[in-house]
Q: 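Below are the structure tokens for one structure; questions will follow.
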Amino acid sequence: MFSSLQPTAGDPLLALMTAYKADSRPEKIDLGVGVYKDENGHTPVLATVKKAEAILLETQDSKSYIGTAGAPALGKAIEQLLLPASYPGRKELLESGRVATVQTPGGTGALRIAADFIHRSLPNAKIWVSAPTWANHFNVFQSAGLEVKEYRYYDQPTQSLDFAGMMAALEAVPAGDVVLLHACCHNPTGLDLTAGQWEQVATLLKERGIMPFVDAAYIGFAESLEEDTKGINILADHCPDMLVAASCSKNFGLYNERIGSLTLIAANERDAQAGFSQINYCIRGNYSMPPNHGAAIVSTILNSPDLRAEWEDELAAMRSRILEMRLQFVETLSKLGVKQDFGFIAKQRGMFSFSSLSPEIVKKLQVEDAIYIVGSGRINVAGMTPSNIDRLCQAIARLLD
Ligand code: LMR
């Protein structure tokens with residue numbers, strides 16, 4: 001039966017992760033896959049997660065199914081996170097019946113369910129992603145049968161956002177298509193839109209009848225929860241219908257619990273209910289019902305004022321550590337006399353930056369120095385620590401000279 005099959009090349013990012021794990025050199029540095037690491041290079045369980053788990057251990061009295069949409073308490077808490085009360089008009093929006101949320105297995109699960117929903121409900125819609133985008137977006141959307149197109153986003157020579165190019169490309173997107181935007185911490189470039197740019201994009205999408213779909217994988221990792229959800233809220237002010245896929249992998253450190261959500265905002269309550277039922281249909285035909293543990297943790301934290309405040313502090317600490325590493329990286333390279341200006345890294349946000357290191361240098365860093373970077377040159381700044389930054393910068397300086 002399977003004799004004609006050839007193995008696939010697999011996902012290069014996962015292959016890099018495997019190669020890193022197999023590397024026995026104790027000095028190895030992982031700047032590959034997007035997981036947060038603390039100053040000791042460890043991906044910690046947040047203290048608030050441990051506390052929530054202790055509460056669940058005491059109070060949980062059943063492991064029965066939770067239904068296709070997951071726990072309503074989680075859905076409501078996520079909606080309040082994405083559409084915060086501090087933003088004008090959100091209370092009214094949340095009470096309007098236009099918003100509905102399902103719990104999904106990770107942010108990727110939300111992307112896949114959204115893609116199934118788009119394919120089923122808007123059969124002629126194509127999906128447009130930024131060039132570049134998270135490599136797995138292509139796999140997820142194409143696996144659901146969607147045609148994926150790209151719009152301009154990154155200007156390689158200047159290592160900056162090509163906003164004029166982006167707007168020109170979005171002008172050419174046909175009405176009825178879907179445009180995927182990154183809420184913050186753009187993966188892989190670390191380049192985000194300003195509030196003014198979000199306004200322009202939202203106005204254009206509204207005028208052209210294009211539906212925004214936001215991938216919110218890093219909320220809280222750029223500036224603050226409020227700032228990082230500004231784009232979502234500006235879009236919600238302009239566009240009648242939109243989708244938001246959110247992940248709790250990074251901001252709650254719950255990578256392997258696979259917890260995320262898909263939020264639908266529709267023009268009116270009837271449309272929201274119809275869309276919600278279609279999304280639940282897609283879930284039932286996919287994995288039937290989501291797992292509970294990660295959702296129960298997030299819901300416990302977000303629905304307890306004390307735990308929520310403590311979690312926000314933990315999130316702020318992760319965010320500041322990454323920012324500090326960005327600054328140290330730029331400063332150390334400059335102190336080592338590297339001529340190339342890496343100042344752009346300090347201006348970008350989130351875990352990732354396009355380092356502009358060539359594939360040859362990336363390869364040499366892995367072979368000669370046990371430093372793991374994605375082939376495109378994307379670096380996970382969260383993998384830098386006070387104890388590995390000097391060695392990292394020395395290796396880069398050596399290879400650039
Ligand atoms: C990444 O881009 O490194 C993360 O989103 C992890 C993943 O699954 O690819």
Side-chain angles (χ1 to χ4, degrees), residues 81-84 86-90 93 126-134 137 148-175 177-247 263 265 319 322-323 326 343-354 356 378 381:
L81 203 62
L82 298 176
L83 306 166
S86 56
Y87 192 94
R90 291 313 82 152
L93 177 60
K126 295 183 286 303
I127 187 159
W128 295 72
V129 299
S130 59
T133 194
W134 182 45
H137 279 146
V148 185
K149 310 275 280 181
E150 289 179 294
Y151 60 86
R152 262 187 82 75
Y153 192 80
Y154 179 63
D155 184 53
Q156 214 284 323
T158 57
Q159 280 123 358
S160 57
L161 174 69
D162 177 5
F163 187 64
M166 177 183 181
M167 290 298 280
L170 294 182
E171 283 278 359
V173 172
D177 277 2
V178 178
V179 167
L180 186 85
L181 297 147
H182 300 218
C184 64
C185 309
H186 182 269
N187 181 3
T189 67
L191 292 163
D192 293 332
L193 303 183
T194 62
Q197 290 169 334
W198 277 112
E199 287 281 350
Q200 290 182 59
V201 168
T203 306
L204 187 151
L205 298 185
K206 159 84 176 23
E207 276 170 13
R208 294 199 47 81
I210 299 163
M211 184 172 76
F213 174 14
V214 184
D215 186 349
Y218 296 91
I219 296 293
F221 265 74
E223 307 292 345
S224 65
L225 288 169
E226 282 73 20
E227 278 302 310
D228 296 357
T229 48
K230 201 161 249 174
I232 293 171
N233 285 282
I234 292 171
L235 289 167
D237 281 346
H238 290 79
C239 302
D241 306 295
M242 65 186 276
L243 294 170
V244 184
S247 170
T263 297
I265 305 179
R319 180 169 65 234
I322 297 175
L323 190 56
R326 285 185 177 278
F344 63 92
I345 304 258
K347 293 190 206 123
Q348 298 167 350
R349 288 294 175 271
M351 287 194 189
F352 306 119
S353 274
F354 254 172
S356 80
R378 186 194 81 169
V381 182

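No experiment lies behind these values; they were computed from the predicted model shown.
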Q: According to side chain to side chain contact (heavy atoms under 4.5 Å, CB included), who are the partners of Ala183, at least two apart in sequence or on a separate chain?
A: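 Here the qualifying residues are Val214, Ala216, Ile219, Ile232.
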
Q: Is a donor on one side and an acceptor on the other found under 3.5 Å between the side chain of Asp155 and the backbone of Phe163?
A: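 Not a single qualifying donor-acceptor pair exists.
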
Q: Can you name the residues that form a side chain to side chain donor-acceptor pair (under 3.5 Å) with Ser160, not counting sequence neighbours?
A: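 By the side chain to side chain donor-acceptor pair (under 3.5 Å) rule, Ser160 matches Thr158.
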
Q: Can you check whether Gln348 reaches Thr189 side chain to side chain, under 4.5 Å on heavy atoms?
A: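 Gln348 vs Thr189: side chains apart.
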
Q: Kindly write out the residues that satisfy side chain to side chain contact (heavy atoms under 4.5 Å, CB included) with Ser224, not counting sequence neighbours, or none if the list is empty.
A: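 Partners of Ser224 under the side chain to side chain contact (heavy atoms under 4.5 Å, CB included) test: Glu226, Glu227.
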
Q: With side chain to side chain donor-acceptor pair (under 3.5 Å) as the test, pick out the partner of His182 among Asp215, Thr133, Asp192.
A: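 So the option named by the test is Thr133.
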
Q: Can you check whether Leu204's main-chain N or O pairs, donor with acceptor, with Glu207's side chain at less than 3.5 Å?
A: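 It does not hold such a pair.
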
Q: To the nearest 0.5 Å, what is the distance between NE2 on His137 and CD1 on Ile127?
A: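 Spacing of NE2 (His137) from CD1 (Ile127) equals 8.0 Å.
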
Q: Assess the pair Tyr153 and His186: is the distance between their ring centroids shorter than 6.0 Å?
A: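 Yes, the ring of Tyr153 comes within the 6.0 Å limit of the ring of His186, centre to centre.
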
Q: Of all residues at least two apart in sequence or in a different chain, which pass the side chain to side chain contact (heavy atoms under 4.5 Å, CB included) check with Arg378?
A: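 If we apply the side chain to side chain contact (heavy atoms under 4.5 Å, CB included) test to Arg378, skipping adjacent residues, the hits are Leu13, Asn187, Pro188, Phe352, Phe354, Val374, Ser376.
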
Q: Who are the side chain to side chain contact (heavy atoms under 4.5 Å, CB included) partners of Lys149, not counting sequence neighbours?
A: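 Checked Lys149 against side chain to side chain contact (heavy atoms under 4.5 Å, CB included); matches are Lys126, Trp128, Glu147.
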
Q: Has Arg326 got a side-chain atom pairing as donor or acceptor with Val381's backbone, closer than 3.5 angstrom?
A: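 No: the side chain of Arg326 does not pair with the backbone of Val381.
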
Q: Provide the closest heavy-atom pair for Cys239 versus Leu205 in the form atom of the first, atom of the second, distance.
A: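 Taking Cys239 first and Leu205 second, the nearest heavy atoms are SG-CB, 4.1 Å.
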
Q: Stepwise, does the side chain to side chain contact (heavy atoms under 4.5 Å, CB included) test hold for Leu181 with Trp198?
A: CA-CA 10 Å; Leu181 297 147; Trp198 277 112; 4.0 Å; yes

Q: For residues 166-175, tabulate all N or O donor-acceptor pairs below 3.5 Å that involve a side-chain atom, not counting sequence neighbours.
A:
none

Q: Between the side chains of Asp237 and Arg90, is the shortest nitrogen-to-carboxylate-oxygen separation below 4.0 Å, so that they form an ion pair?
A: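 Yes, this pair counts.
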
